[in-house]
Amino acid sequence: MNLQKLMKQAQAMQANMANAQARLAEKSFTAEAAGGKIKVTANGVGMVTDLKIDAAVVDPDDAEFLSSLVLKAVQDALNGSKELADAEMRKVTGGLGFPM
C-alpha cells in the first residue's frame, strides 16, 4: 500500500470531519416535555442553545417537579443532538466509528 496515498486520504478525512463538525454546530435538535410547555434546543455539537418554559408549568410550591421536567427535556435534546452528530460523522467516516 502506498503510504503517501494513505496519508493524503487521512488528511482528506480529517478535513471532511472538521467541515462536518462546523455544519453540526449550525444544526439543532429540539426536545419537548410537559406537552410542549418546556422546549430545549441543542446544536449538533451538544451545546444547549435555547430553553423555553411556559409559565403554566411554573409552580413555586413544586420546583422539584419543574426541575425534573427540564432535566428530561435537556437529556432528550442532548441525546437527539448526539444521534444527529453520529449520523453526520458516519457519512464522513464511512461508518468506521472514529470519535469526534
Side-chain angles (χ1 to χ4, degrees):
M1 177 162 242
N2 184 339
L3 185 58
Q4 187 175 12
K5 182 178 178 182
L6 185 61
M7 290 298 292
K8 284 184 181 185
Q9 288 175 335
Q11 288 172 341
M13 183 179 287
Q14 185 176 19
N16 289 340
M17 288 179 73
N19 289 334
Q21 286 180 323
R23 287 191 308 273
L24 283 168
E26 296 173 3
K27 292 184 178 188
S28 63
F29 182 88
T30 300
E32 298 179 354
K37 294 189 183 323
I38 297 175
K39 295 180 181 178
V40 178
T41 301
N43 66 16
V45 292
M47 299 293 296
V48 173
T49 58
D50 193 33
L51 169 65
K52 293 187 181 3
I53 302 173
D54 187 306
V57 296
V58 178
D59 178 357
D61 295 327
D62 197 0
E64 189 174 325
F65 179 66
L66 178 59
S67 294
S68 68
L69 291 174
V70 170
L71 181 60
K72 173 74 169 111
V74 168
Q75 290 171 334
D76 288 349
L78 292 176
N79 286 336
S81 168
K82 183 176 180 340
E83 289 173 11
L84 183 72
D86 289 347
E88 190 69 25
M89 286 297 122
R90 276 193 301 276
K91 291 178 195 174
V92 173
T93 64
L96 294 176
F98 291 113
M100 280 186 32

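Hydrophobic clustering, with ILVMFWY side chains joined whenever heavy atoms are under 4.5 angstrom apart, keeps V45 apart from L51. Linking ILVMFWY residues whenever their side-chain heavy atoms come closer than 4.5 Å, directly or via other members, places V70 and V57 in the same cluster.
Residue Q21 holds its CD atom at 10.5 Å from CD of E88, rounded to the nearest 0.5 Å. For the atom pair NZ of K8 and CG of L3, the computed distance is 12.0 Å after rounding to the nearest 0.5 Å. One distance of note links CG of D50 with NZ of K39; it measures 10.0 Å at 0.5 Å rounding. Distance NZ/K91 to CG/D86: 12.0 Å, rounded to 0.5 Å. Rounding to the nearest 0.5 angstrom, the gap separating the CD atom in Q9 from the CE atom in M13 is 8.0 Å. Residue M89 holds its CE atom at 10.0 Å from CG of L84, rounded to the nearest 0.5 Å.
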task: Applying side-chain contact (heavy atoms from CB on, under 4.5 Å), run through V58 and L66 and close with a yes or a no.
output: CA-CA 7 Å; V58 178; L66 178 59; 4.2 Å; yes

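Across every non-hydrogen atom of A85 and G44, the tightest pair is CB-O, 3.3 Å.
The salt bridge (charged side-chain N to carboxylate O under 4.0 Å, His left out) test applied to K37 returns no partner, not counting sequence neighbours. Under the rule for a side-chain hydrogen bond (donor to acceptor under 3.5 Å, both in side chains), the partners of T30 that lie at least two apart in sequence or sit in another chain are T41. By the side chain to side chain contact (heavy atoms under 4.5 Å, CB included) test, D59 is found to be paired with D61, D62, residues two or more places apart in sequence or in another chain being considered.
Considering only heavy atoms from C-beta on, I38 stays 4.5 Å or farther from D54 through its side chain. Residues V48 and L78 are in side-chain contact: their nearest non-hydrogen atoms beyond the backbone lie under 4.5 Å apart.
Between the side chain of N43 and the backbone N or O of G46 there is at least one donor-acceptor pair closer than 3.5 Å. Between the side chain of S81 and the backbone N or O of A77 there is no donor-acceptor pair closer than 3.5 Å.
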